[in-house]
Amino acid sequence: MISYGVAAHGGVGTPEDLSDGCKAACEAAFLMLEAGRNALEAAIEAARILEDDGRYNAGSGSALRIDGKTIEMDAAVMDSEGNIGAVMNIREVKNPVLVAQAVLGTPHVAMAGRGAEAFARKLGFEAYYKVSKRALENFKKTKKTLKEGDTFWEFYLDDISEQKIPGPDTIGAVVMDGNGLFATAVSTGGASPMMVGRVGDTPMPGCGFYAGPRGAIAVTGVGEESIRKMLAKTVYDMVAENMDAQAACEKGLRPFAGQKRIKMGILALTKQGCGLAATDPMAQYRMIKQA
Ligand code: GLY
């Protein structure tokens, strides 16, 4: 059994040597938990740090869309008391996860696009647009493989399968606080290659994230697949039926076994401990205080 704890990941496909950023995020969240702050606050802080890192596909490191200039981001927060806030396709903010947190103070659950940006500005979030070195390099790789006359989806299906182009990734944090409350916070620049306007699983409850009285789940990978399987809720239901967190993450990945094209990762935290399973390498870190 654990007293409290946090785990964070940098997205499926991120090299494990980028785990130092996840460690920094966990350390900050863990200090908050030690000081008695709640799971939601700690999860959001961990996600904010990962967004600011610039080496992950979220916040300052967000991927470019297929037009080579647009950055649209998705983020969400949820706790085991039923609070959910999400933003979809938001542009020109530094920390989408903080805007998702702000949605909690409205009658709504999710805000999208221009309305979400106007909402953010009204609350004082400054305009911010940054194309990271990594996003630019990844876009160039994507562009190189695009053949003349290809439709976007022909290109997607051919080249993602051969891993010639960068895949999806999403940052995520799962937390349990000293009162036994759970929370999760997730954020992404989307799964490359992607059209302008495409929304993935990250802001969709039960798909990219879920938190309930029995645990917190953060999903990373090809959002379309996660949405089709409602992956986060599927894994949550397993832990809610007392399956071990590690076993539940592994079972959640089973439908993707042998499908080279589909990169997926799942991080879960329960009162019994932490589980993580991924089809590819994944930067991650965890800090758990045992009871
Ligand atoms: N999992 C991130 C995305 O599909 O957008």
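Source: prediction; values computed, not measured.
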Chemist: Considering all heavy atoms of both residues, which atom of Val77 and which atom of Ala185 are nearest to each other, and what is their separation?
Modeler: CG1-CB, 4.1 Å
Chemist: Check for a donor-acceptor pair, side chain of Ser226 on one end and backbone N or O of Thr220 on the other, with a separation under 3.5 Å.
Modeler: no
Chemist: Using a 3.5 Å distance criterion without hydrogens, assess whether the side chain of Glu41 forms a donor-acceptor pair with backbone atoms of Met32.
Modeler: no
Chemist: Ignoring hydrogens, what is the shortest heavy-atom contact between Ala245 and Thr270? Give both atom names and the distance.
Modeler: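 Scanning both residues, the minimum pair turns out to be CB-CG2, 4.1 Å.
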Chemist: Is a side-chain donor-acceptor pair under 3.5 Å present for Thr202 with Asp74?
Modeler: no
Chemist: Between Met287 and Leu31, is there a side-chain heavy-atom distance shorter than 4.5 Å?
Modeler: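 No, their side chains stay 4.5 Å or more apart.
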Chemist: Do side-chain atoms of Asn57 reach the backbone of Gly189 as a donor and acceptor pair under 3.5 angstrom?
Modeler: yes
Chemist: For the atom pair OH (Tyr285) and SG (Cys22), what is the distance rounded to the nearest 0.5 Å?
Modeler: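 Output value for this atom pair is 10.5 Å.
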Chemist: Is any side-chain heavy atom of Asn95 less than 4.5 Å from a side-chain heavy atom of Val99?
Modeler: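 No; the side chains remain at least 4.5 Å from each other.
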Chemist: Once you round to the nearest 0.5 Å, how far does CG of Asp280 lie from CD of Glu16?
Modeler: 10.5 Å
Chemist: Could you report the tightest heavy-atom contact between Ala86 and Ala100, atom names first, then the distance?
Modeler: CA-CB, 4.0 Å
Chemist: Using a strict 4.0 Å threshold on nitrogen-to-oxygen distance, state whether Asp52 and Lys94 make a salt bridge.
Modeler: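 Result for this pair is yes, salt bridge flagged.
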Chemist: May I ask you to say whether Glu137 pairs ionically with Lys140, meaning some side-chain N is under 4.0 Å from a carboxylate O?
Modeler: no
Chemist: In the single-linkage hydrophobic clustering (I, L, V, M, F, W, Y; side-chain heavy atoms under 4.5 Å), do Ile171 and Leu18 co-cluster?
Modeler: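 Ile171 clusters together with Leu18.
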Chemist: Quick one: NZ on Lys263 to OG1 on Thr279, what's the gap to the nearest 0.5 Å?
Modeler: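 Answer for the NZ-OG1 pair, Lys263 versus Thr279, is 7.5 Å.
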Chemist: Please assess Val93 against Leu98 for the test side-chain contact (heavy atoms from CB on, under 4.5 Å), listing each intermediate value before the final yes or no.
Modeler: CA-CA 9 Å; Val93 292; Leu98 299 183; over 6 Å; no
Chemist: If we only count heavy atoms from C-beta on, is the Val199 to Met204 side-chain gap below 4.5 Å?
Modeler: yes
Chemist: Under a 4.5 Å cut-off applied to non-hydrogen side-chain atoms, are Pro281 and Pro15 in contact?
Modeler: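 Counting from C-beta outward, Pro281 and Pro15 never come under 4.5 Å.
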Chemist: Side chain of Arg134, backbone of Arg55: donor and acceptor closer than 3.5 Å?
Modeler: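 A pair under 3.5 Å: yes.
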Chemist: Spell out, yes or no, whether Val239 and Tyr4 are grouped together once hydrophobic residues are joined by side-chain heavy atoms under 4.5 Å, including indirect joins.
Modeler: no
Chemist: Could you check if a side-chain atom of Asp79 sits within less than 4.5 angstrom of a side-chain atom of Leu181, using non-hydrogen atoms only?
Modeler: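 Asp79 does not reach Leu181 side chain to side chain.
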Chemist: Quick check: do Asp244 and Gln272 have side-chain heavy atoms less than 4.5 Å from each other?
Modeler: no
Chemist: Would a single hydrophobic cluster contain both Ile44 and Leu50, if residues Ile, Leu, Val, Met, Phe, Trp and Tyr are joined by side-chain heavy-atom contacts under 4.5 Å?
Modeler: no
Chemist: Please tabulate, for the side chains in residues 119-126, all donor-acceptor contacts under 3.5 angstrom to protein atoms that are two or more places apart in sequence or on a different chain.
Modeler:
residue: Arg121; atom: NH1; partner: Glu92; partner atom: O; Å: 3.2
residue: Arg121; atom: NH1; partner: Phe125; partner atom: O; Å: 3.1
residue: Arg121; atom: NH2; partner: Glu92; partner atom: O; Å: 2.7

Chemist: Hey, are the side chains of Thr184 and Ile217 touching, using non-hydrogen atoms and a 4.5 Å cut-off?
Modeler: no
Chemist: Would you say Phe30 and Leu40 are hydrophobically clustered, going by side-chain heavy atoms of ILVMFWY under 4.5 Å?
Modeler: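 Each belongs to a different hydrophobic cluster.
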Chemist: For residues 231-238, dump all side-chain donor-acceptor pairs below 3.5 Å to protein atoms at least two apart in sequence or in another chain.
Modeler:
residue: Lys233; atom: NZ; partner: Asp237; partner atom: OD1; Å: 2.8
residue: Lys233; atom: NZ; partner: Asp237; partner atom: OD2; Å: 3.3
residue: Thr234; atom: OG1; partner: Lys229; partner atom: O; Å: 2.9
residue: Thr234; atom: OG1; partner: Met230; partner atom: O; Å: 2.8
residue: Tyr236; atom: OH; partner: Arg214; partner atom: N; Å: 3.0

Chemist: Can you list the steps and then say if Arg48 with Glu45 is a salt bridge (charged side-chain N to carboxylate O under 4.0 Å, His left out)?
Modeler: CA-CA 5 Å; Arg48 185 197 65 76; Glu45 179 60 1; 2.9 Å; yes
Chemist: Quick one: pull up OG in Ser3 and CD in Glu34 and give me the separation to the nearest 0.5 Å.
Modeler: 11.0 Å
Chemist: Quick one: do Tyr210 and Val109 end up in the same hydrophobic cluster if we chain Ile, Leu, Val, Met, Phe, Trp and Tyr together by side-chain heavy atoms under 4.5 Å apart?
Modeler: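 In one cluster with Tyr210: Val109, yes.
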Chemist: Do any side-chain atoms of residues 58-68 form donor-acceptor pairs under 3.5 angstrom with protein atoms, and if so which ones, sequence neighbours left out?
Modeler:
residue: Ser60; atom: OG; partner: Tyr128; partner atom: OH; Å: 2.9
residue: Ser62; atom: OG; partner: Gly59; partner atom: N; Å: 3.1
residue: Ser62; atom: OG; partner: Gly59; partner atom: O; Å: 2.9
residue: Arg65; atom: NH1; partner: Met195; partner atom: O; Å: 3.2
residue: Arg65; atom: NH1; partner: Arg198; partner atom: O; Å: 2.8
residue: Arg65; atom: NH2; partner: Glu72; partner atom: O; Å: 2.9
residue: Asp67; atom: OD1; partner: Lys69; partner atom: N; Å: 3.0
residue: Asp67; atom: OD1; partner: Thr70; partner atom: N; Å: 3.0
residue: Asp67; atom: OD1; partner: Thr70; partner atom: OG1; Å: 3.4
residue: Asp67; atom: OD2; partner: Thr70; partner atom: OG1; Å: 2.5

Chemist: Considering the options Leu267, Thr14, Val219, which one meets the side-chain contact (heavy atoms from CB on, under 4.5 Å) requirement together with His9?
Modeler: Leu267
Chemist: Is there a donor-acceptor pair closer than 3.5 Å between any side-chain N or O of Ser19 and the backbone N or O of Gln284?
Modeler: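 Yes.
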Chemist: From Ile71 CD1 over to Ser132 OG, what is the distance, rounded to the nearest 0.5 angstrom?
Modeler: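 Output value for this atom pair is 7.0 Å.
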Chemist: Could you check Glu27 against Lys23 for salt bridge (charged side-chain N to carboxylate O under 4.0 Å, His left out), going step by step and ending with a plain yes or no?
Modeler: CA-CA 6 Å; Glu27 283 171 348; Lys23 181 170 184 263; 3.1 Å; yes
Chemist: Rounded to the nearest 0.5 Å, what separates atom CG in Asn38 from atom CG in Asn179?
Modeler: 8.5 Å
Chemist: What is the minimum heavy-atom distance between Ala7 and Cys274, and which atoms define it?
Modeler: CB-SG, 3.7 Å
Chemist: Provide the closest heavy-atom pair for Ala28 versus Ile49 in the form atom of the first, atom of the second, distance.
Modeler: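 Between these two residues, the closest heavy atoms are CB-CD1, 3.3 Å.
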Chemist: Where is the tightest heavy-atom contact between Ala43 and Ala173, given as atom of each residue plus distance?
Modeler: O-CB, 3.9 Å
Chemist: Could you check whether any side-chain heavy atom of Leu276 comes within less than 4.5 Å of a side-chain heavy atom of Arg286, counting everything from C-beta outward?
Modeler: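 They are in contact (side-chain heavy atoms under 4.5 Å apart), so the answer is yes.
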Chemist: Which is it for Val87 and Val103 under the side-chain contact (heavy atoms from CB on, under 4.5 Å) test, yes or no, and what are the steps along the way?
Modeler: CA-CA 8 Å; Val87 287; Val103 174; 4.1 Å; yes
